[in-house]
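All remarks here apply to the structure that follows.
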Amino acid sequence: KGDSGLSEVNLLKSKVSALEGQLKALQANFAKYQKVATFPGGRTVGNKVFKTNGYEGNFEDLKQKCVQAGGQLATPRNAAENDAVQKVAALYNKSAFLGITDLKTKGTFKYLNDQPITYSNWLQGEPNNNQGNENCVEIFTNGKWNDRACGEKRLLLCEF
Ligand code: 289
Ligand code: CA
């Protein structure tokens, strides 16, 4: 029993060592794919990836395209995430629609999961619901937000 206990420990040691090697290889490969995902139109904040492919469309079109790709429209939830989205928009010199609307609850902007927003970066004087027809949110290349008609065409910017 004593000997077999020792060989069991040695077996486990060699398994742990093999797993450590595999983890190291996986981490290196993950770092490579993070570079792929963010070159050139992407940014990461923590585990979130913000990415554009340069496409432009109206809100519904963009929303659908992000979901189809396995993500959702970019939804910055704090200043760091807003900075990342702003940098991608600035790279393409185009405003993008965010995953925020007041389509269901006029005057109260919500995330696409129907929760009220907990972070915003409105331009001074916004949201103003110009002509009573602005239920979507665009982010300008300077990072500020404006409510805008959902039928306008803006840059596709998804988060994953
Ligand atoms: O159609 C109105 C928009 O073009 C924008 O016009 C002005 O910049 C401001 O009134 C904005 O709030 C508005 O979204
Ligand atoms: Ca507006």
Side-chain angles (χ1 to χ4, degrees), residues 19 22-160:
L19 281 171
Q22 288 168 8
L23 180 62
K24 208 173 166 195
L26 209 54
Q27 282 169 328
N29 215 28
F30 182 70
K32 180 173 79 177
Y33 281 104
Q34 273 191 315
K35 287 180 197 162
V36 173
T38 53
F39 180 78
R43 287 285 184 284
T44 58
V45 180
N47 290 328
K48 227 186 224 192
V49 180
F50 296 104
K51 183 85 194 277
T52 184
N53 63 1
Y55 179 84
E56 289 171 86
N58 66 31
F59 174 78
E60 280 303 326
D61 186 7
L62 301 181
K63 187 173 92 167
Q64 194 202 340
K65 286 214 161 41
C66 286
V67 170
Q68 210 161 27
Q72 64 165 19
L73 274 174
T75 306
R77 287 174 176 270
N78 53 51
E81 292 189 358
N82 203 73
D83 281 356
V85 174
Q86 176 265 322
K87 284 188 173 79
V88 176
L91 198 65
Y92 281 71
N93 198 24
K94 283 172 184 157
S95 300
F97 273 136
L98 302 178
I100 294 170
T101 79
D102 73 343
L103 283 164
K104 290 185 187 165
T105 47
K106 300 290 164 72
T108 303
F109 282 88
K110 294 192 167 176
Y111 298 118
L112 299 181
N113 67 4
D114 294 333
Q115 294 295 114
I117 59 172
T118 54
Y119 165 83
S120 65
N121 195 36
W122 298 111
L123 185 68
Q124 200 173 10
E126 306 295 347
N128 66 351
N129 195 23
N130 196 291
Q131 299 190 324
N133 186 38
E134 298 194 317
N135 306 120
C136 284
V137 181
E138 64 179 341
I139 181 169
F140 294 128
T141 57
N142 66 3
K144 288 293 175 183
W145 299 7
N146 173 39
D147 60 340
R148 197 69 185 239
C150 301
E152 296 290 323
K153 289 191 173 173
R154 291 292 178 270
L155 181 68
L156 175 81
L157 218 164
C158 308
E159 68 176 38
F160 297 91

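Residues take their numbers from the sequence shown, with the count starting at 1. Counting starts at 1 for both ligands and their atoms, in listed order.
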Regarding Lys144 and Asn121, do their side chains bring together a donor and an acceptor under 3.5 Å, going by distance alone? yes

Donor-acceptor contact present, side-chain Tyr111 to main-chain Thr118, <3.5 Å: yes

Do the two ring centres, one from Trp145 and one from Phe109, sit under 6.0 Å apart? no

Neighbour list for ligand 1 [protein residues, heavy atom under 4.0 Å]: Glu126, Asn128, Asn130, Glu134, Asn146, Asp147, Arg148

Quick one: does any side-chain atom of Asp147 pair with a main-chain N or O of Asn129 as donor and acceptor, under 3.5 Å? yes

Using modelled atom types and a 3.5 Å cut-off, is there a donor and acceptor pairing between side-chain atoms of Gln72 and backbone atoms of Val67? no

Side-chain (Thr52) to main-chain (Leu156) donor-acceptor, under 3.5 angstrom: yes

Nearest 0.5 Å, please: how far is CZ in Arg43 from CG in Asp83? 10.5 Å

Can you confirm if the NZ or CZ of Arg148 lies within 45° of the ring axis of Phe59 and under 6.0 Å from the centre of its six-membered ring? no

Lys48 with Glu159: basic N within carboxylate O range, under 4.0 Å: yes

Can you list, by chain and residue number, the protein N, O or S atoms under 3.0 Å from the Ca ion (ligand 2)? Glu126 OE1, Asn128 OD1, Glu134 OE1, Asn146 OD1, Asp147 O, Asp147 OD1

